[in-house]
Structures are given as structure tokens and as C-alpha cells.
Trainee: 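Got a structure here, written out as C-alpha cells. Questions coming.
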Amino acid sequence: MELTPLNTSLSRASKFKDYDKYDTLSLSKCLLGKVLVSCHEGHITAGMITETEAYLHDDPSCHAYMNKKTNRNEAMFMKAGTGYVYFIYGMHYCFNVVSGEEGLGEAVLIRSLMPLYGIEIMQQRRSTQNTKQLCNGPGKLCQALGIDISYNKCSLQGDALYILDYIQLSENEIISTPRIGISKGREFLYRFCVK
DNA sequence: GTGATGATTTAA
DNA sequence: TAAATCATCACT
């Protein structure tokens, strides 16, 4: 697929708002093909979501498993369409979209993007020219889009970080596999990728 | 206060 | 394959 500049189809795309209309697994698939946009320190960067993972409330690998609230996972219990950002391995941020009923504790981890806009800024932030290496990992895409802990608990219906409708994918264009980097809950096929 | 751990990335 | 690197969490 060719990279598309923001000034054509994206400028006419509408902001996705129906976070509370989907259960978490549906939202994980629904977000594939949409575009995550950040306006950070005066720069717009954006990429199409190509990989997601679902974290359900009754799933042992979920930060909110057993309805356990901690300082870190507080955002997961907020309403669908809230950003949940956490810091891990002493150096990386991961970005999630809170989903499901408010108070339930579910989210969709955004694992990979196809860079679409602000690629030079992403290259600067990531310290690499290699476009394929800009957003192909949860920590990488956060660095590329300037997503840090200040975006935790932000509304994704605002102007700083939001999602645009873009490409509508069908079920047979999505593949499901076990999630990456977890020790529990490997039996669930909760990782979704664009074929 | 202490110690183990982690939804990762990078370089070797 | 292993090191980097530290906030977060549970608690000897």
C-alpha cells in the first residue's frame, strides 16, 4: 500500500467517536485501518493502525485483571475513548484506547502503525531514516508520535490525540494470533493485524 | 524501604 | 541472545 499524504483523503476524514458502541474485541478489529493522529509540540504526525491487541477485564494478562485498580491502570476504568498510556521497561511508553463499559477495565493496545504524515518529524524523534522502523512496535509508535505519560487519561475526542476513519476493512482482511510479550493468556487470539 | 518485574527496543 | 533501564507494585 502506498503512503498517502494527509492533505488528500485524510483532510476530509471524520473523527471516530463511537468508542462506546463496540465491545473490546470488536473495537480492536474496528480500529484497524483507521488513522491515529497526534498534535504534539506543534507538529502533526499520523499513521494508519495496522496491529492491535485486546485486553479484557477477565484476562490474566490485563493490567486491570480482577478489577484491581492501581495508580498505573486508573485510566483503564474511565470511559471508552480515553487514552491509557503507561511506562514500561524503564524507557518505553505504550498507548491504549480504553474500551468497554466504564469501570470495567478493558483496553486496546495499539501495536503498530503505517506512517502517513509528519514522517520527517517521526524520523527525528526516532533517530532513524528507515520508514519501516518508525512505528512498527508499541514503544516505537509512541516515540514517533510524541506520546508520553502526559497523554494518559486524555480524551481521544479532543484535538491533541484522536483517531480518524480511513479504510474500512472486512473480516477476511484481518488475522488473529496470540498476543506478543505476555506470559499469561497466550491461548487467546487477541492480537489483530491487517493481512 | 526493598526487591522483582515488565503489553519493549536495540545491538550484537 | 542479551543488555538497557526504572517506574510500578506487592510486601519479607
Side-chain angles (χ1 to χ4, degrees), chain A residues 19 22-32 34 36 38 40 45 47 49-78 80-100 104-115 119 121-154 156 161 163 174-194:
Chain A
Y19 296 99
Y22 297 83
D23 61 69
T24 297
L25 288 174
S26 306
L27 186 67
S28 301
K29 293 185 270 189
C30 165
L31 289 179
L32 294 173
K34 298 194 190 306
L36 178 62
S38 89
H40 182 72
T45 49
I49 298 169
T50 54
E51 182 182 346
T52 62
E53 282 177 2
Y55 287 88
L56 306 194
H57 73 283
D58 57 353
D59 155 12
S61 63
C62 178
H63 288 168
Y65 182 50
M66 302 287 276
N67 202 44
K68 188 179 297 180
K69 291 191 185 75
T70 64
N71 189 54
R72 177 180 68 168
N73 70 15
E74 213 170 28
M76 294 189 78
F77 297 91
M78 296 173 70
T82 300
Y84 168 42
V85 180
Y86 65 91
F87 189 60
I88 192 160
Y89 292 112
M91 57 188 103
H92 305 294
Y93 294 101
C94 290
F95 170 70
N96 299 248
V97 176
V98 174
S99 64
L104 190 59
E106 303 196 336
V108 179
L109 172 69
I110 308 300
R111 286 196 61 87
S112 177
L113 304 177
M114 184 179 77
I119 289 176
I121 298 296
M122 295 190 198
Q123 289 168 329
Q124 273 184 329
R125 290 177 178 155
R126 291 270 306 121
S127 303
T128 177
Q129 296 293 112
N130 187 342
T131 307
K132 299 202 162 177
Q133 291 294 319
L134 292 179
C135 296
N136 62 335
K140 296 180 188 182
L141 70 89
C142 282
Q143 189 178 31
L145 270 60
I147 299 174
D148 57 32
I149 200 65
S150 71
Y151 290 87
N152 190 36
K153 301 183 182 177
C154 74
L156 299 179
L161 194 56
I163 291 174
I174 296 173
I175 102 168
S176 308
T177 70
R179 292 166 294 181
I180 306 291
I182 55 168
S183 49
K184 297 169 188 166
R186 288 226 184 101
E187 67 273 33
F188 304 119
L189 305 183
Y190 289 168
R191 174 172 174 250
F192 304 98
C193 303
V194 179

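First the proteins, then the strands, lettered A, B, ... as listed; each starts at 1. Heavy atoms only: backbone and side chains are in, while hydrogens, waters and symmetry mates are out.
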Trainee: Over how many whole Å does the gap from I88(A) atom CD1 to dC9(C) atom P extend?
Mentor: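 Computing the I88(A):CD1 to dC9(C):P distance gives 11 Å.
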Trainee: Could you check whether K184(A) gets within reach of a base, just the sugar-phosphate, or nothing at all, counting any heavy atom under 4.0 Å?
Mentor: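 Result for K184(A) = nothing.
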Trainee: How many whole angstroms separate atom OH of Y84(A) from atom C1' of dA7(C)?
Mentor: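 For the pair Y84(A) OH and dA7(C) C1', the rounded distance is 12 Å.
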Trainee: Let me confirm one number: the CG-CG distance from L25(A) to D23(A), rounded to the nearest 0.5 Å.
Mentor: 6.0 Å
Trainee: Can you tell me how far P of dA10(C) sits from OH of Y65(A), to the nearest Å?
Mentor: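 Value for this atom pair: 14 Å.
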Trainee: Does L134(A) offer a backbone N or O that forms a donor-acceptor pair with the side chain of R126(A) under 3.5 Å?
Mentor: yes
Trainee: Which nucleotide span of DNA chain B, 5' end to 3' end, has atoms closer than 4.0 Å to non-hydrogen atoms of chain A?
Mentor: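 Answer, 5' to 3': dG6(B) to dT10(B).
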Trainee: Please round to the nearest 0.5 Å and tell me the distance separating atom CD1 of I110(A) and atom OG1 of T50(A).
Mentor: 9.5 Å
Trainee: Pick base, sugar-phosphate or nothing for R72(A), based on heavy-atom distances below 4.0 Å to the nucleic acid.
Mentor: sugar-phosphate
Trainee: With pairs defined as Watson-Crick or G-U wobble and both distances under 3.5 angstrom, please note down DNA chain C as a dot-bracket string, | for pairing with another strand.
Mentor: ||||.||||||.
Trainee: Take atom NZ of K69(A) and atom C1' of dC9(C), then tell me their distance rounded to the nearest Å.
Mentor: 17 Å
Trainee: Which comes earlier along DNA chain C counting from the 5' end, the contact point of M91(A) or that of I149(A), where each point is its nearest nucleotide?
Mentor: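 By nearest-heavy-atom nucleotide position, the 5'-most residue is M91(A).
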Trainee: Is the closest side-chain heavy-atom distance between L145(A) and M122(A) below 4.5 Å?
Mentor: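 A side-chain contact exists here, since the closest heavy-atom pair is under 4.5 Å.
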Trainee: Heavy atoms only, 4.0 Å cut-off, all strands: where does R191(A) land among base, sugar-phosphate and nothing?
Mentor: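 Since no nucleic acid heavy atom lies under 4.0 Å of R191(A), the category is nothing.
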Trainee: Testing the basics here: between R179(A) and G185(A), what is the closest heavy-atom pair and its distance to 0.1 Å?
Mentor: NH2-O, 3.1 Å
Trainee: Need one value for T70(A): base, sugar-phosphate or nothing, where a base atom within 4.0 Å counts as base even if backbone is also close, heavy atoms only.
Mentor: sugar-phosphate
Trainee: Could you tell me whether N71(A) contacts a base, only the sugar-phosphate backbone, or nothing, with contacts defined as non-hydrogen atoms closer than 4.0 Å?
Mentor: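 It contacts sugar-phosphate atoms only.
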Trainee: Can you give the donor-acceptor pairs under 3.5 Å from side chains of residues 82-89 of chain A to other protein atoms, not counting sequence neighbours?
Mentor:
residue : atom : partner : partner atom : Å
T82(A)  : OG1  : K79(A)  : O            : 2.7
Y84(A)  : OH   : H63(A)  : ND1          : 2.7

Trainee: Which part of the nucleic acid, if any, lies within contact of F87(A), taking any heavy atom under 4.0 Å across all strands shown: a base, the sugar-phosphate backbone alone, or nothing?
Mentor: sugar-phosphate
Trainee: Under 4.0 Å, heavy atoms only, any strand: does L109(A) hit a base, just the sugar-phosphate, or nothing?
Mentor: base
Trainee: For the residue pair T128(A) / N130(A), report whether a side-chain donor-acceptor contact shorter than 3.5 Å exists.
Mentor: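 N130(A) vs T128(A): no donor-acceptor pair found between side chains.
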